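Quick caveat, the model's predicted, so the values are computed rather than measured. Naming convention: chains lettered A, B, ... in sequence-line order (proteins, then strands); numbering from 1 in each chain. What you see below is based on every heavy atom in this structure, not just the backbone, and it leaves out hydrogens, waters and symmetry mates.
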Number of protein chains: 2
Amino acid sequence: MEEQNKKILLVEDDPNFGTVLKDYLMMNDYDVVHAKNGMEGFEKFKKDDYDLCILDVMMPYKDGFTLAKEIREKNTDVPIIFLTAKAMKEDVLKGYKVGADDYLNKPFDSEVLLMKIKAIMQRKATDSVVDSKQFEFKIGRFDLNSKLRFLKFDGGKPIKLSPKENELLRLLALHENDLMPRELALTKIWRDDNYFTSRSMDVYIAKLRKYLKPDAKVEILNIHGEGFRLVINGGES
Amino acid sequence: MEEQNKKILLVEDDPNFGTVLKDYLMMNDYDVVHAKNGMEGFEKFKKDDYDLCILDVMMPYKDGFTLAKEIREKNTDVPIIFLTAKAMKEDVLKGYKVGADDYLNKPFDSEVLLMKIKAIMQRKATDSVVDSKQFEFKIGRFDLNSKLRFLKFDGGKPIKLSPKENELLRLLALHENDLMPRELALTKIWRDDNYFTSRSMDVYIAKLRKYLKPDAKVEILNIHGEGFRLVINGGES
DNA sequence: CCTTTTGTTAATGTAAGGTTAAACATAATT
DNA sequence: AATTATGTTTAACCTTACATTAACAAAAGG
């Protein structure tokens, strides 16, 4: 069974450095798509599925952070590595807030980059249900389409969901009838687990409950101190 | 929901730096155990469960890499961050080979470290769910689901259990028909064995008895001075 | 008996969750 | 550029859930 090479999106405006890096990665059995700026990077990202993004921070038209944010809106899971010439602390922090997996200062050693890539890919490999690519769910009399972000009741007109509403409901659906730990949603969706994100999540739970009200059999239950449970009553025989 | 603080094992031989770092981490709501060298670090590691290890590379008696290898033998999952004074490439590679999650050069910015810790914990949050212990029990005509914390009688509507109720009943169920020593519950659940926790436990025993009343065959018996016994009468012919 | 241990109920204090609205931020439209 | 719409966070306030403690009653066991 010939297993597929991992796909990397490399966004780097310096043509020399970019090409060298691309070749080096390809020599190491990665499929690399090279975009020359943030704009192009985002276009390419939308067109395909990638296992990893390597983004230069300083680029014309669209810098790495802005690009990362756009990428995150479409995909909460792809690992992102930032490349940067200068080691400014603010940048590093900004990067982690956007959900960076790692941060490298140029010039860096290519072997080190390879190691980091390997380590990140390995971590991804062990991730469970949560990163599943399932985007459609039946929730009682509702249909959730998580890719298009809408919820339909009895096949009626779709209700549009905001990104946060959508991801939260999707996480709940992935754990249907089971515990969806608070911490999981906070780290996966809000990327931080503190008092405020926690309160924010409660607000979203309230919104979802309102959406789901039309089907009395569908409930979001709280398990005090643990998390929430999406239950469909009379669901299984 | 500020649940249990994350536990960090910090192994750092420089007493000043180590203490400062420990205090800083504790201020940020981590429980930190500080070991002064590799030997001590491994002892402490064996004695407890940690969510993260931060290891200095250069230490007397046992360096960070050797320690990391030993730790990996016992636990393939704990994230490890290395601290090192000099930025030698070989070291970095060696670290990644041992399964490092990250690598920081001293001096580093403490905020950056915090961000890295958060990022790593987030990644780990995903696969923590996998724990495969026993969480479901049949107790006479009751069903206990210890993960979702509820108790069902004859498949009726579930009664919600509080965390303490739940854990206590689970412990009893694990020792069904056998002695469940007082001391065991107190150390496992209350993490302290004194007059007050003991009284508290009695209160919970009373609550459980009330829950279990519907099935006359199920009883929690006291063994004076020893502990309790969950018995199912006529259970095994 | 009479001291120690256990049983039970109620009162208290704290933490977590629910709900709503206002504030803030950002994108979309004019 | 100004205005509207949309999405998210923060704040405030209220309710519920939990755990501990106190108080008193009842058994157990020397």
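- The shortest distance between the side-chain N/O atoms of B:Lys207 and the OP1/OP2 oxygens of C:dT9 is not below 4.0 Å.
- When each of C:dG18, D:dC18, D:dT10 is scored by its nearest atom to the side-chain atoms of A:Phe196, the top-ranked nucleotide is D:dT10.
- Put simply, B:Arg149 has a side-chain N or O that comes within less than 4.0 Å of OP1 or OP2 on D:dC18.
- Rounded to whole Å, the distance from CG on A:Asn222 to P on D:dT16 is 13 Å.
- For B:Glu183 and C:dT5, the CD to P distance is 14 Å, given to the nearest whole Å.
- Checked against D:dT9, C:dT8, D:dA19, the side chain of B:Arg209 finds its nearest nucleotide in C:dT8.
- Between D:dT20 and B:Arg199, no contact under 4.0 Å exists linking OP1 or OP2 to a side-chain N or O.
- Here A:Ser162 reaches the OP1 or OP2 of D:dT8: one of its side-chain N or O atoms lies under 4.0 Å away.
- Under 3.5 Å, the side chain of A:Arg182 and the base of C:dG17 form no donor-acceptor pair of N or O atoms.
- For B:Asp202, taking side-chain heavy atoms from C-beta onward, the closest of the listed nucleotides C:dG7, D:dT8, D:dT20 is C:dG7.
- Between B:Ser200 and D:dT20 there is a side-chain N or O to OP1 or OP2 distance below 4.0 Å.
- Nearest to the side chain of A:Val203, among C:dT20, D:dA17, D:dT8, sits C:dT20.
- Contact between the side-chain N/O atoms of A:Lys69 and the OP1/OP2 oxygens of C:dA25 is not found at any separation under 4.0 Å.
- For the side-chain hydrogen bond (donor to acceptor under 3.5 Å, both in side chains) criterion with A:Lys7, the lone passing option out of A:Asp31, A:Asp51, A:Asp48 is A:Asp48.
- Annotation: A:Phe82 is in aromatic contact with A:Phe65 [ring centroid separation under 6.0 Å].
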